[in-house]
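Computed over heavy atoms, backbone and side chain alike; hydrogens, waters and symmetry mates excluded.
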Amino acid sequence: MKNATDILVDISDNMEGNKQACAKRVLLDEILPLIDFSEITGLKTFMASGPVCLVIRSVDLGINPKSDFDQKINNLPMPNSGAPISNAIRESLGELKKQDADNKRIIIVTAGIDTLAGSYINAVKEAADEGVQVSVVLIGGTDSAKSAAREAAAEGKGAACFIAGDVYDTVSARAEINNLGAALKGIAASPVKEEPKVEVKVEPQQSTSNSNSSASQSASQEQPKAESKDFISGLKEALKDGGIIDIDDFKQTVSSSINQLGESIQTVFEPIKVNKEDGTSSTEKVDLAEIIAKNKESLSNIQKQASESIAALMESCGKAIAELQVKATDRINELVTEHNATTSSLMKNSEEAFNKLSQEKDEALAKVDQLIEDDKKVIIRTNEDLDLQVETKSQLFLNAHLQKKYPGRVNWVNQNGDAKKGYDFIVDDHDTANNTFEYVIACKGILDDSKTFFLRQREWEACVKNSRNYQVYVLSNLSSSEPTLTVVDNLMDWITSGRIVPCADANIKLKAGHVVFTIK
């Protein structure tokens, strides 16, 4: 079973503090050991500079050694700017679609949410629709980030792993990454167990009523009352058992308090006991009206004094309130002035910040345009040492082959270095006295099984000049012990018959002064 896995690593502000260090540990110690590097694997990092999203192909999807991933992860750049998670997922999805693999997986290592799109669930759904599994390894993260990770993992049929972002704990991290390992093997994640609900069982009590129910009364009329009594009785028992309150004791306490209050009220209106000078006492009735009449003048004076005191107090309060209003108005005016000044300063700073961001955006776009222009003007520098080794090996092989095929008639033109003739071998004619040749041969060596080869400008000119006698010997799989030889006995005839096409079979950057051909 062939797998293709793309790892997306967040290098935005989400990874500030100790989170990036924790991300490196979990990548190197836990995630990479889950990957089979004999299969297709890639690594991307992502961030956003203003509105410009940057998804960097740190390690291109393909068969890559683990050391490439170790080196890139150990040298992750400092966290900066926003987190375009959706863009990274879609970039990875576009590349995974081109891969020939049974299982395609995306592993996202982040510490937050998509700061540009708000949510990356739509990008995950697009990947899921293409059969690509999506897993999220969250470093720290808020509750909303954890919720987004769970939703993404559920939609992408992957795993959501939560790693502490402050201090790295190997035991807990390994326990979380076990879920990722299971997902990569196609094992469904275990469902989250819910806490069991506590149910209060209400035991029904037997009715103690002595009244006899009428025989004509229906069972349906009696049932609600019985259920109500049972519920109240059960609730009383549950509250009592739970240590909350005993309903019967509570009722008894309230009743006793009411009775005591009644007795106190009653005592006020009962005859008052009066102690005499001789030490005896007698019970006398008190005439409240007589007492009020005797003290009417005193009560009036008290009322007058109270009214005057209240009036004076209100006057003082009025003055104090007026002074407070003046001070409050002055303070409000000061605050309004300060607020206006602060607002003006903030607006000025915001305008400057906006202009700076706009300038940075323009500079970033200009850099992108410059990169595009530079790419158009790219100068291809080949590995001259490797090219020389391939050329020498292929010509040695072909010289031995031609000597057997045309004994005594082969002239190796470039045996002592590039003679710049436009061909590498000459096969002399049988009539050597006329000093004529039967064929001129160009030798082309290819390390792999590709069928695409190049002719230099002087080789093409020699081919045009000697079209009937110009041959090309193509040696492919030159790195193996048994190279494959294809003899193009007449290049012009092969082109016109369609056996060779003057174009490449894949995207390439062609060096100046070269003509490309592909054997069909």
Distance-only donor-acceptor check, side chains Thr452 and Asp505, under 3.5 Å: yes

Side-chain (Gln133) to main-chain (Asn103) donor-acceptor, under 3.5 angstrom: no

Pair Asn3, Thr5: side-chain N/O donor-acceptor within cut-off below 3.5 Å: no

Side chain to side chain donor-acceptor pair (under 3.5 Å) evaluation trace for Ser86 with Asp114: CA-CA 7 Å; Ser86 299; Asp114 192 321; 2.8 Å; yes

Crowding at CG, Asp143 (>12 non-hydrogen neighbours, <6.0 Å): no

Qualifying residue, where the test is side chain to side chain contact (heavy atoms under 4.5 Å, CB included) with Ile332 and the options are Val336, Asp330, Thr329: Val336

Arg456 and Glu391 ion-paired at < 4.0 Å: yes

Glu351 atom CD, neighbour heavy-atom count above 12 within 6.0 Å: no

Trace of the side-chain contact (heavy atoms from CB on, under 4.5 Å) decision for Leu8 with Ser92: CA-CA 8 Å; Leu8 313 183; Ser92 176; 3.9 Å; yes

Salt bridge present between Lys104 and Glu130 (N-O < 4.0 angstrom): no

Residues, nucleotides or ligands: over 12 heavy atoms within 6.0 Å of Lys157 NZ: no

Check: Ser81 main-chain N/O paired with Asp13 side-chain donor or acceptor under 3.5 Å: yes

Verdict with reasoning, Lys361 to Leu365, per side-chain contact (heavy atoms from CB on, under 4.5 Å): CA-CA 6 Å; Lys361 173 190 172 183; Leu365 291 175; 3.9 Å; yes

Glu95 and Arg57: CA distance, side-chain angles, deciding distance, salt bridge (Lys or Arg N to Asp or Glu O under 4.0 Å) verdict: CA-CA 11 Å; Glu95 291 192 28; Arg57 299 176 185 173; 2.7 Å; yes

Ion pair check, Glu91 and Lys44, cut-off under 4.0 Å: no

Mutual orientation of the aromatic rings belonging to Trp460 and Phe517 [parallel < 30°, tilted 30-60°, perpendicular > 60°]: tilted

Pro77 to Gln20 - nearest heavy-atom pair and separation: O-NE2, 2.9 Å

Pair up each side-chain donor or acceptor in residues 61-74 with any protein partner under 3.5 Å, not counting sequence neighbours, and list the distances.
| unit_1 | atom_1 | unit_2 | atom_2 | d |
| --- | --- | --- | --- | --- |
| Asn64 | ND2 | Thr41 | O | 2.9 |
| Asn64 | ND2 | Asp60 | O | 2.7 |
| Asn64 | ND2 | Gly62 | O | 3.3 |
| Lys66 | NZ | Asp70 | OD1 | 3.1 |
| Lys66 | NZ | Asp70 | OD2 | 3.0 |
| Asn74 | ND2 | Asp70 | O | 3.0 |

Derivation of the side-chain contact (heavy atoms from CB on, under 4.5 Å) call for Val137 and Leu180: CA-CA 8 Å; Val137 178; Leu180 175 61; 4.2 Å; yes

Closest non-hydrogen atom pair, Ala48 against Leu116: CB-CD1, 3.8 Å

Derivation of the salt bridge (Lys or Arg N to Asp or Glu O under 4.0 Å) call for Glu39 and Lys2: CA-CA 7 Å; Glu39 298 178 329; Lys2 193 175 182 182; over 6 Å; no

